[in-house]
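Notes follow once the structure below has been shown.
Note that these values count all heavy atoms, side chains included, but never hydrogens, waters or copies made by symmetry. Here is how names work: the chains are called A, B, and so on, in the same order as the sequence lines, proteins then strands, and each is numbered from 1.
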Number of protein chains: 2
Amino acid sequence: MDVAAARIARAIGEPARASMLYALMDRRARTATELAALAGVGAATASAHLKQLLENGLVKVAASGRHRYFNLATAEVARALEALGVLAGSKFAPTTPDTLRQARTCYDHIAGWLGVALHDGFIARGWLTPAYALTAAGARGLAAQGLEASVLATRRRFAFACLDWSERRSHLAGALGAAILDQALAKRWLRRDADSRSLEITAAGRGWLDKLGVD
Amino acid sequence: MDVAAARIARAIGEPARASMLYALMDRRARTATELAALAGVGAATASAHLKQLLENGLVKVAASGRHRYFNLATAEVARALEALGVLAGSKFAPTTPDTLRQARTCYDHIAGWLGVALHDGFIARGWLTPAYALTAAGARGLAAQGLEASVLATRRRFAFACLDWSERRSHLAGALGAAILDQALAKRWLRRDADSRSLEITAAGRGWLDKLGVD
DNA sequence: TCCATACTTCGATGATAAACGAAGCGTCAC
DNA sequence: GTGACGCTTCGTTTATCATCGAAGTATGGA
């Protein structure tokens with residue numbers, strides 16, 4: 001176990017490979033050449049690195065013509081990178097793009113400044129208990145914005161905290177977090193950026209957030 | 001960000017250092033000599049490794065007489081190690097020792113087969129909601145085995161799921177998980193192995209589990 | 001058909017760092 | 001005190017691996 005984990009950590013722990021992996025955190029696929037440029041190494045070197053990342057199950061590849069598109073292999077890889085980023089970030093991590101810092105998706109829910117604000121707001125106004133159970137007031141509040149509690153009664157974990165790497169605080173994950181993102185997209189309160197995890201807050205979205213007391 | 005994270009991953013990604021870190025996952029402090037033996041290296045080498053782990057904020061140290069007791073620096077370190085362990089475990093790690101698979105500590109709560117069984121049992125019999133809030137039935141059930149809800153009312157998060165790397169399912173973490181482990185040790189239902197994270201289920205512990213319907 | 005592009009493999013070079021023995025420094029026990 | 005123990009520092013050796021250039025394979029376009 002420990003030695004297997006060391007293999008993984010070692011694969012991540014080389015600057016060029018780490019650059020590639022963190023560049024892929026937005027879940028957009030890149031070609032080997034793009035990743036080589038991002039990492040600041042030659043094509044031959046990049047090829048060797050990518051081979052190693054593949055062998056360790058950190059990335060997957062899709063061949064398309066003479067290009068090979070690489071991406072993170074699983075959500076768990078992203079999670080491990082996040083966890084490492086949190087450790088590293090306590091010292092560094094100065095420059096997350098503002099658009100990403102403000103609002104973005106994390107898996108299937110809202111992260112970034114907006115995600116943290118929603119999380120804190122829900123708890124501050126007593127919609128969620130500190131153990132992330134829905135209160136009666138919370139059920140009313142969600143219903144008022146069109147989310148019936150019955151919709152949320154899935155087999156999935158209702159709500160829990162997910163550590164935000166740019167804000168370094170918790171945002172809302174689970175069935176509730178996913179439902180909120182779904183609805184915000186459906187009602188056009190938020191709009192997905194075409195090719196990143198960024199979320200844009202629309203004019204209608206501003207109204208939504210005002211009503212929630214989030215600013 | 002990426003390069004800083006690479007530093008951290010690199011620090012973890014050396015077999016001797018990884019052995020030390022994963023040995024500390026049970027949050028029991030060890031001396032440099034103990035860690036050297038666990039990692040299978042000499043004292044001088046271990047000292048260099050521990051220095052590096054300190055410099056990267058992965059472990060902390062408490063000097064006591066001529067001993068230096070090392071431990072993981074923060075809960076975030078443990079989380080990152082778990083996340084890496086999940087990656088390592090999903091492909092490799094076929095051979096987790098049975099004693100570890102059955103019952104072990106994870107941070108401050110019970111993991112392994114037993115931890116998962118307790119988690120599932122609590123939810124199945126309605127002691128916990130799927131959002132990990134304690135029900136009235138749960139409060140009664142815990143009181144019946146000597147855990148008053150008042151004891152659990154700390155500022156700490158009450159209960160949440162923690163992904164188990166050997167079972168690859170959730171076990172109970174949080175104030176509740178910690179209280180259960182504390183009590184099981186105090187009542188000698190479980191016994192800590194002298195030099196691993198293993199937990200041994202005692203004869204009295206069998207009775208406890210029978211009463212809980214866990215088998 | 002022929003060339004450009006995307007990528008990989010091979011071989012050589014160089015830098016990094018893990019390992020240990022020996023020596024040094026504190027601390028505890030007697 | 002004196003010696004044993006725990007740990008660190010120093011210096012040396014050795015092995016690993018990141019890097020690149022050059023050559024090779026495959027695909028796409030002209």
Side-chain angles (χ1 to χ4, degrees), chain A residues 2-24 28-73, chain B residues 2-24 28-73 194-195:
Chain A
D2 48 0
V3 53
R7 266 184 72 92
I8 304 292
R10 178 174 193 73
I12 301 173
E14 198 279 331
R17 286 194 294 267
S19 297
M20 295 176 174
L21 289 171
Y22 281 95
L24 292 173
R28 283 197 294 159
R30 326 271 169 130
T31 66
T33 304
E34 287 171 331
L35 290 171
L38 277 166
V41 295
T45 304
S47 183
H49 284 315
L50 289 167
K51 183 180 181 184
Q52 203 171 333
L53 292 176
L54 277 171
E55 285 169 353
N56 284 287
L58 292 171
V59 301
K60 62 185 174 189
V61 64
S64 168
R66 52 182 164 178
H67 296 278
R68 295 185 79 201
Y69 288 94
F70 292 88
N71 213 334
L72 297 188
Chain B
D2 48 359
V3 54
R7 264 185 73 89
I8 303 292
R10 180 174 193 73
I12 302 172
E14 198 279 332
R17 285 194 294 268
S19 298
M20 295 176 175
L21 289 170
Y22 280 94
L24 292 172
R28 283 197 295 159
R30 324 272 169 133
T31 66
T33 304
E34 286 172 331
L35 291 170
L38 276 166
V41 295
T45 305
S47 182
H49 283 315
L50 289 167
K51 183 181 181 183
Q52 204 171 334
L53 293 176
L54 277 172
E55 284 169 354
N56 284 287
L58 292 171
V59 301
K60 62 185 174 187
V61 64
S64 167
R66 52 183 164 178
H67 296 278
R68 294 185 79 201
Y69 287 95
F70 292 87
N71 214 333
L72 297 188
D195 44 22

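Distance CZ (A:Arg17) to C1' (D:dC17): 9 Å, rounded to an integer number of Å. Rounded to a whole Å, the CZ atom of B:Arg30 is 18 Å from the C1' atom of D:dG6. The separation between B:Asn56 atom CG and C:dA17 atom P is 11 Å, rounded to whole Å. In this structure, B:Ile12 places its CD1 atom 16 Å from P of C:dA17, rounding to the nearest Å.
Rounded to 10°, the helix from C:dT1-D:dA30 to C:dC30-D:dG1 has 30° between the axis fitted to its first five pairs and the one fitted to its last five.
Considering all non-hydrogen atoms of both residues, B:Ala73 and B:Gly57 come closest at CB-O, 3.3 Å. For the pair A:Ala16 and A:Val41, the tightest heavy-atom approach, listed with the atom from each and the gap, is CB-CG1, 4.0 Å.
Atom CD1 of residue B:Ile12 and atom CZ of residue A:Arg10 lie 13.0 Å apart, to the nearest 0.5 angstrom.
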For nucleotides 1-16 of chain C, 5' to 3', base contacts (B), sugar-phosphate-only contacts (S) and non-contacts (-) with protein non-hydrogen atoms under 4.0 Å give ---BBSSBB-------
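Partners of B:Arg68 under the side chain to side chain contact (heavy atoms under 4.5 Å, CB included) rule, at least two apart in sequence or in another chain, are B:Leu54, B:Val61, B:Phe70. With sequence neighbours excluded, the residues that form a side chain to side chain donor-acceptor pair (under 3.5 Å) with B:Ser19 are A:Asp2.
A:Ile8 has its side chain within reach of A:Leu58: a pair of non-hydrogen atoms, C-beta onward, lies under 4.5 Å apart. In this structure, B:Arg7 and B:Asn56 have side chains that are in contact, with non-hydrogen atoms separated by less than 4.5 Å.
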Which protein N or O atoms sit under 3.5 Å from an N or O of nucleotides 12-15 of chain D?
none

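For A:Gln52 and D:dA18, the shortest distance from a side-chain N or O to OP1 or OP2 is below 4.0 Å.
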Determine whether B:Leu21 and B:Leu53 satisfy the following criterion, side chain to side chain contact (heavy atoms under 4.5 Å, CB included), listing intermediate values before the conclusion. CA-CA 9 Å; B:Leu21 289 170; B:Leu53 293 176; 4.0 Å; yes
Could you walk me through whether B:Leu24 and B:Val59 pass side chain to side chain contact (heavy atoms under 4.5 Å, CB included), step by step? CA-CA 9 Å; B:Leu24 292 172; B:Val59 301; 4.2 Å; yes
In residues 29-37 of chain A, what donor-acceptor pairs under 3.5 Å come from side-chain atoms, sequence neighbours left out?
| unit_1 | atom_1 | unit_2 | atom_2 | d |
| --- | --- | --- | --- | --- |
| A:Arg30 | NE | A:Arg28 | O | 3.4 |
| A:Arg30 | NH2 | A:Ala23 | O | 3.0 |
| A:Arg30 | NH2 | A:Asp26 | OD1 | 3.1 |
| A:Arg30 | NH2 | A:Asp26 | OD2 | 2.7 |
| A:Thr31 | OG1 | A:Glu34 | N | 3.2 |
| A:Glu34 | OE1 | A:Thr31 | N | 2.9 |

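Under the side chain to side chain donor-acceptor pair (under 3.5 Å) criterion, the residue pairs touching residues 36-50 of chain A are A:Arg17-A:His49, with sequence neighbours excluded.
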